[in-house]
Visitor: 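Below is the structure I would like to discuss, written out as structure tokens.
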Amino acid sequence: MFMAGRVHFGPGVSSKAGELVKASGARSVLIVTDETMERIGLAERMAGSVRAAGLEVSVFTGVEPEPSVETTDSAAAIARDRKVQAVIGLGGGSSMDVAKAVSILVTNDGSAARYQGLGLVKNPGVFKLMIPTTAGTGSEVTFTAVLIRKSDGVKGGINSDYLYPDMSLLDPELTVTMPPGITASTGMDALAHALEAYTSLQASPFSDMFAEEALWRIGKWIRVAAMNGRNIEARGGMMLAALYGGVALANAGVTACHALAYPLGGMFGVPHGNANALLIPHVARWNAQASPERFAEAASLLGYPREEGEPDHVAAIFCSEALGDMVDDLGLPARLQDLGVGIGEEHLEEMAGKAMGVSRPMENNPRVMTRDDCIKIYREAMM
Ligand SMILES: [Fe+2]
């Protein structure tokens with residue numbers, strides 16, 4: 001089983017951050033976060049919690065939406081300088097990914113770029129505490145930190161068992177002010193993790209359990225959370241769904257949707273959740289008949305129960321329909337042109353090449369996908 005060492009869940013749980021970090025034995029702490037958290041006062045609130053526990057605290061607020069190697073190295077320089085024994089990642093997946101990377105850069109030399117790949121980190125990092133303020137990425141329980149190299153625009157993950165967080169605090173109250181668009185986008189990322197893990201060739205009874213728990217919660221709560229953000233039950237449901245989707249992903253991997261989504265982020269700066277939301281109905285349609293029983297069950301979990309006696313290959317089609325309806329209801333971009341970043345036919349070759357290069361998710365896909373198939377799916381996503 002792969003996930004965070006300990007997870008605390010519940011409204012208000014984030015107020016315990018200071019005492020929990022202190023219990024890890026740390027005396028000096030770096031909080032890694034972004035300007036939004038600084039502006040809404042959450043960065044200072046968390047720093048206050050750490051200070052109140054009698055610890056030294058520094059705050060790095062420079063994390064950008066698609067975090068870079070360079071930003072990570074800047075945060076790591078502060079962490080090394082202050083000799084911190086703990087790093088807190090406060091925010092969305094970007095802040096948590098940078099925090100996880102900074103944790104291992106305290107104990108491993110050089111730039112983050114050196115560790116992009118699988119299993120390249122030599123030494124365990126310092127204590128990592130994750131406090132998500134979105135519900136989607138699952139970064140609070142995964143072993144990956146995805147960073148863009150500004151030099152060539154390529155996104156690459158640092159993938160190492162040393163990146164699993166030691167602890168995560170899931171506090172639904174921190175997500176109630178998240179705007180509808182980000183709630184929808186990050187929620188669809190969680191959905192992609194769960195559905196892709198569920199239909200991955202690496203799926204196991206263990207990952208299935210978490211994927212199913214994520215899928216029904218998202219089917220039930222994503223629209224409510226996006227449209228009625230103060231509903232704490234919906235926020236809690238989505239936060240758990242993101243956690244469970246993250247555990248499913250950590251254990252079974254993702255598939256072609258994430259591979260196809262990466263170039264949209266790397267080449268055009270499209271937010272990760274929006275890219276997945278846009279592509280997943282198309283990828284689900286493409287994959288449905290390769291694993292009809294799975295897609296039929298997923299449709300049912302998402303709230304599209306099958307007719308009595310309906311065979312798998314028919315019911316499976318409704319998974320794609322369920323996803324398309326969700327994207328429409330949430331008001332997310334449904335076609336590549338709607339993203340407004342100028343993606344045209346002339347880009348599809350390069351995008352397909354980059355998607356094929358995301359090899360592990362492609363290898364997990366239930367249906368073999370070629371470069372030409374990638375182009376076909378991108379083209380369908382334009383219509
Ligand atoms: Fe994702």
Side-chain angles (χ1 to χ4, degrees), residues 1-3 93 118-119 136-144 146 155 157 159-161 163-164 187-219 241-263 272-273 275-302 312-313 315-320 322-323 326 354-370 373-374 377:
M1 183 184 81
F2 303 113
M3 61 178 290
L118 179 61
T137 70
S139 181
E140 66 272 20
V141 282
T142 63
F143 83 146
T144 299
V146 180
K155 277 177 99 164
N159 302 290
S160 161
D161 284 352
L163 257 65
Y164 283 112
M188 288 302 292
D189 186 28
L191 170 50
H193 298 157
L195 181 63
E196 292 185 81
Y198 195 54
T199 55
S200 164
L201 295 180
Q202 304 293 327
S204 66
F206 180 84
S207 62
D208 288 350
M209 189 169 68
F210 284 92
E212 287 170 2
E213 289 293 321
L215 285 169
W216 75 254
R217 279 184 172 80
I218 295 168
L243 168 75
Y244 297 151
V247 178
L249 145 75
N251 287 273
V254 283
T255 64
C257 181
H258 264 69
L260 290 161
Y262 272 129
H272 180 72
N276 279 302
L278 192 151
L279 291 165
I280 201 160
H282 301 281
V283 177
R285 190 177 315 123
W286 166 266
N287 281 336
Q289 303 310 334
S291 189
E293 190 190 331
R294 290 274 152 155
F295 282 95
E297 184 60 26
S300 174
L301 288 163
L302 290 172
D312 286 341
H313 75 276
I317 298 162
F318 288 99
C319 186
S320 173
L323 296 164
M326 208 175 254
K354 289 211 157 91
M356 289 302 289
V358 190
S359 50
R360 281 198 308 149
M362 279 298 186
E363 284 160 16
N364 289 339
N365 200 56
R367 182 174 173 187
V368 173
M369 195 176 282
T370 66
D373 296 331
C374 294
I377 291 169

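Every value quoted in this text rests on a predicted model; they were computed, and no experiment measured them.
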Visitor: Roughly how far, to the nearest 0.5 Å, is the CD atom of Glu196 from the CG atom of Asn364?
Guide: 9.5 Å
Visitor: Do Leu249 and Thr144 have side-chain heavy atoms sitting under 4.5 Å apart?
Guide: no
Visitor: Can you name the closest pair of heavy atoms from Phe318 and Ala299 and give their distance?
Guide: C-CB, 3.8 Å
Visitor: Just checking, is any N or O donor in the side chain of Asp189 or Thr137 under 3.5 Å from an acceptor N or O on the other one?
Guide: no
Visitor: Would a distance-only check, ignoring hydrogens and angles, find a side-chain to backbone donor-acceptor pair under 3.5 Å from Arg360 to Gly253?
Guide: no
Visitor: Would you compute the distance between atom OG of Ser300 and atom CD of Glu212 and round it to the nearest 0.5 angstrom?
Guide: 10.0 Å
Visitor: Taking all non-hydrogen atoms of both residues into account, name the closest pair between Ala256 and Val283 and its distance.
Guide: CB-CG1, 4.3 Å
Visitor: Is there a side-chain contact (heavy atoms from CB on, under 4.5 Å) between Val358 and Lys354? Walk through the geometry before answering.
Guide: CA-CA 7 Å; Val358 190; Lys354 289 211 157 91; over 6 Å; no
Visitor: Can you find a pair of side-chain heavy atoms, one from Tyr244 and one from Leu215, that are under 4.5 Å apart?
Guide: no
Visitor: At their closest point, which heavy atom of Ser207 faces which heavy atom of Ala248, and how far apart are they?
Guide: O-CB, 3.8 Å
Visitor: Hey, does the side chain of Asn365 reach the backbone of Pro361 with a donor-acceptor pair shorter than 3.5 angstrom?
Guide: no
Visitor: Do Cys374 and Met362 have side chains that approach each other closer than 4.5 Å (heavy atoms only, starting at C-beta)?
Guide: yes
Visitor: Minimum heavy-atom separation for Met188 to Gly273, with atom names?
Guide: CB-O, 4.4 Å
Visitor: Out of the candidates Ile377, Leu323, Leu278, Ile280, only one should pair with Cys257 under the side-chain contact (heavy atoms from CB on, under 4.5 Å) rule; please name it.
Guide: Ile280
Visitor: Measuring from Trp286:CH2 to Asp373:CG, what's the distance to the nearest 0.5 Å?
Guide: 3.5 Å
Visitor: Could you tell me which non-hydrogen atom of Ala197 sits nearest to which non-hydrogen atom of Ala203, and how far apart they are?
Guide: O-CB, 3.4 Å
Visitor: Drop me the distance from Leu302's CG to Met326's CE, to the nearest 0.5 angstrom.
Guide: 5.0 Å
Visitor: Can a donor-acceptor pair be found, under 3.5 Å and without considering hydrogens, that links the side chain of Thr199 to the backbone of Leu195?
Guide: yes
Visitor: Between Ile218 and Ala241, what is the shortest heavy-atom contact and its length?
Guide: CG1-CB, 3.5 Å
Visitor: For the atom pair CG (Leu301) and CZ (Arg217), what is the distance rounded to the nearest 0.5 Å?
Guide: 11.5 Å
Visitor: Would you find a donor on one side and an acceptor on the other, under 3.5 Å apart, between the side chain of Ser200 and the backbone of Ala252?
Guide: yes
Visitor: Would you call the rings of His258 and His193 parallel, tilted or perpendicular, where under 30° means parallel and over 60° means perpendicular?
Guide: tilted
Visitor: Residues two or more places apart in sequence or in another chain: which of them pass side-chain contact (heavy atoms from CB on, under 4.5 Å) with Arg285?
Guide: His282, Ser320, Glu380
Visitor: Report the residues that fulfil salt bridge (Lys or Arg N to Asp or Glu O under 4.0 Å) with Asp208, sequence neighbours left out, ordered by chain and then residue number.
Guide: Arg294
Visitor: Working to the nearest 0.5 Å, report the span between CZ of Phe143 and CG of Leu163.
Guide: 9.0 Å
Visitor: Is it true that a side-chain atom of Gln289 and a backbone atom of His313 form a donor plus acceptor pair closer than 3.5 Å?
Guide: yes
